[in-house]
K.L.:
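What follows is a structure written as structure tokens; I'll ask about it next.
Atoms within each ligand, like the ligands themselves, are counted from 1 in listed order. Quantities reported herein were computed from a predicted structural model and do not represent experimental measurements.
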Amino acid sequence: MTVTTLNEFIIERQADFPYAKGELTRLLTHIGVAAKVVNREVNKAGLVDILGDAGSDNIQGEQQKKLDVYADEKFIASLKASGECCGIASEERKKIVSFDEEMARNGKYIVAIDPLDGSSNIDVNVSIGTIFSIYRRISPVGHKAGIEDFLQKGKEQVAAGYIIYGSSTMMVYTTGRGVNGFTLDPSIGEFCLSHPDILTPHSGIIYSINEGNYIKFPEGVKKYIKYCQEKDVPTGRPFTSRYIGSLVADFHRNLLKGGIFIYPKTAGYPTGKLRLLYECNPMAFVIEQAGGRATDGRGNRILDMKPVELHQRSPFFLGSRNMVNKAEEFMKEFGDKEPNMDDIK
Ligand code: P6P
């Protein structure tokens, strides 16, 4: 069986983009390189802790960094080196990073990224991930990237995807022509096409939500959870609750098996917890390309939302289209207003 590496695939698919001169190809390739570098550190995180306390110098004499800070630095360095990216919005940084160097200033793309999402799960060996979202810049080439480049609607994305550092390391992405998954083969150090043309089932039996927040949920969410717990599915079993607390891991499982992920408005997070630019939008692009849906629970498509702030949050309902539709029916019928904390105490 012939193996198709990520780089071969990207170049093959470059033909899909008339007039493409390889810029997006180079950008995606550099994301793949950074993913391999971060993967190496993520995989030995536990070992490093044994070998040296966090905060001490590691064997290269570098100041021991938190892994998400490390991932942030590696992805930013690799994207800058690509010469195709003029600026970055990162979960790790309050403001955008606009590159000064001339080569980078001439880059046609900007990237929004969560370098290591779910990093609190690292020390308990739970899968974590990198999430990325790529846009064409709207500011003039040759100038520094500006905030307006980053406040574009999600439907303007030219590419988006994630890397999941789990039992194997995978990169899953879309450029608007379907979704493809690549598994890292450590023996050759290449991401190899393992999941071509991913489509998510229109229905599933998995619902993913942090039920620890139950009393803080809108009534419509509470009723949907009860529906999942009581509704018999063809197999005669109620739905299955699966929640890892790591978005990339929960999303990836539901993408492949079918399911719904919900992080609604809660009394604690009245605008939702997940960030629009580098969590909701990229995952929404992927799920829609795989045949699913992504909304705010009130029928508003995530990709149509106009961001006004770099790190703004959004309620997030995403997954199999029939399940998102059903959850929205409950939100409509029973209300989507989150209780306020005083009512709960
Ligand atoms: P909670 C991780 O911190 C994260 O940003 C996502 O990866 C994950 O889906 C969510 O938060 C989990 O949040 O409130 O359920 O712990």
K.L.:
State which residue, out of Thr271, Leu276, Leu151, fulfils the side chain to side chain contact (heavy atoms under 4.5 Å, CB included) condition with Gln312.
P.N.:
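That would be Leu276.
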K.L.:
Show me the donor-acceptor pairs within less than 3.5 Å that the side chains of residues 189-201 make with the rest of the protein, sequence neighbours left out.
P.N.:
{"unit_1": "Ser194", "atom_1": "OG", "unit_2": "Gly181", "atom_2": "O", "d": "3.4"}
{"unit_1": "Ser194", "atom_1": "OG", "unit_2": "Thr183", "atom_2": "N", "d": "3.3"}
{"unit_1": "Ser194", "atom_1": "OG", "unit_2": "Thr183", "atom_2": "OG1", "d": "2.6"}
{"unit_1": "Thr200", "atom_1": "OG1", "unit_2": "Asn254", "atom_2": "O", "d": "3.4"}
{"unit_1": "Thr200", "atom_1": "OG1", "unit_2": "Leu255", "atom_2": "O", "d": "2.9"}

K.L.:
Charged N to carboxylate O below 4.0 Å: is that the case for Lys74 and Glu41?
P.N.:
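No salt bridge links Lys74 with Glu41.
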K.L.:
Between His311 and Arg93, is there a donor-acceptor pair closer than 3.5 Å when you use the side chain of the first and the backbone of the second?
P.N.:
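Present.
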K.L.:
Group every Ile, Leu, Val, Met, Phe, Trp and Tyr by side-chain heavy-atom contacts under 4.5 Å, then state whether Phe316 and Leu277 land in the same group.
P.N.:
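No, Phe316 does not connect to Leu277 through the hydrophobic network.
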K.L.:
Distances for all N or O pairs of ligand 1 and the protein under 3.5 Å?
P.N.:
{"unit_1": "ligand 1", "atom_1": "5 (O)", "unit_2": "Asp117", "atom_2": "OD1", "d": "3.4"}
{"unit_1": "ligand 1", "atom_1": "7 (O)", "unit_2": "Asp117", "atom_2": "OD1", "d": "3.4"}
{"unit_1": "ligand 1", "atom_1": "7 (O)", "unit_2": "Asp117", "atom_2": "OD2", "d": "2.4"}
{"unit_1": "ligand 1", "atom_1": "7 (O)", "unit_2": "Leu247", "atom_2": "N", "d": "2.8"}
{"unit_1": "ligand 1", "atom_1": "9 (O)", "unit_2": "Leu247", "atom_2": "N", "d": "3.3"}
{"unit_1": "ligand 1", "atom_1": "11 (O)", "unit_2": "Lys273", "atom_2": "NZ", "d": "3.0"}
{"unit_1": "ligand 1", "atom_1": "13 (O)", "unit_2": "Lys273", "atom_2": "NZ", "d": "3.0"}
{"unit_1": "ligand 1", "atom_1": "14 (O)", "unit_2": "Tyr263", "atom_2": "OH", "d": "2.6"}
{"unit_1": "ligand 1", "atom_1": "15 (O)", "unit_2": "Asn210", "atom_2": "ND2", "d": "2.9"}
{"unit_1": "ligand 1", "atom_1": "15 (O)", "unit_2": "Tyr243", "atom_2": "OH", "d": "2.6"}

K.L.:
Would a single hydrophobic cluster contain both Leu79 and Phe150, if residues Ile, Leu, Val, Met, Phe, Trp and Tyr are joined by side-chain heavy-atom contacts under 4.5 Å?
P.N.:
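No, Phe150 does not connect to Leu79 through the hydrophobic network.
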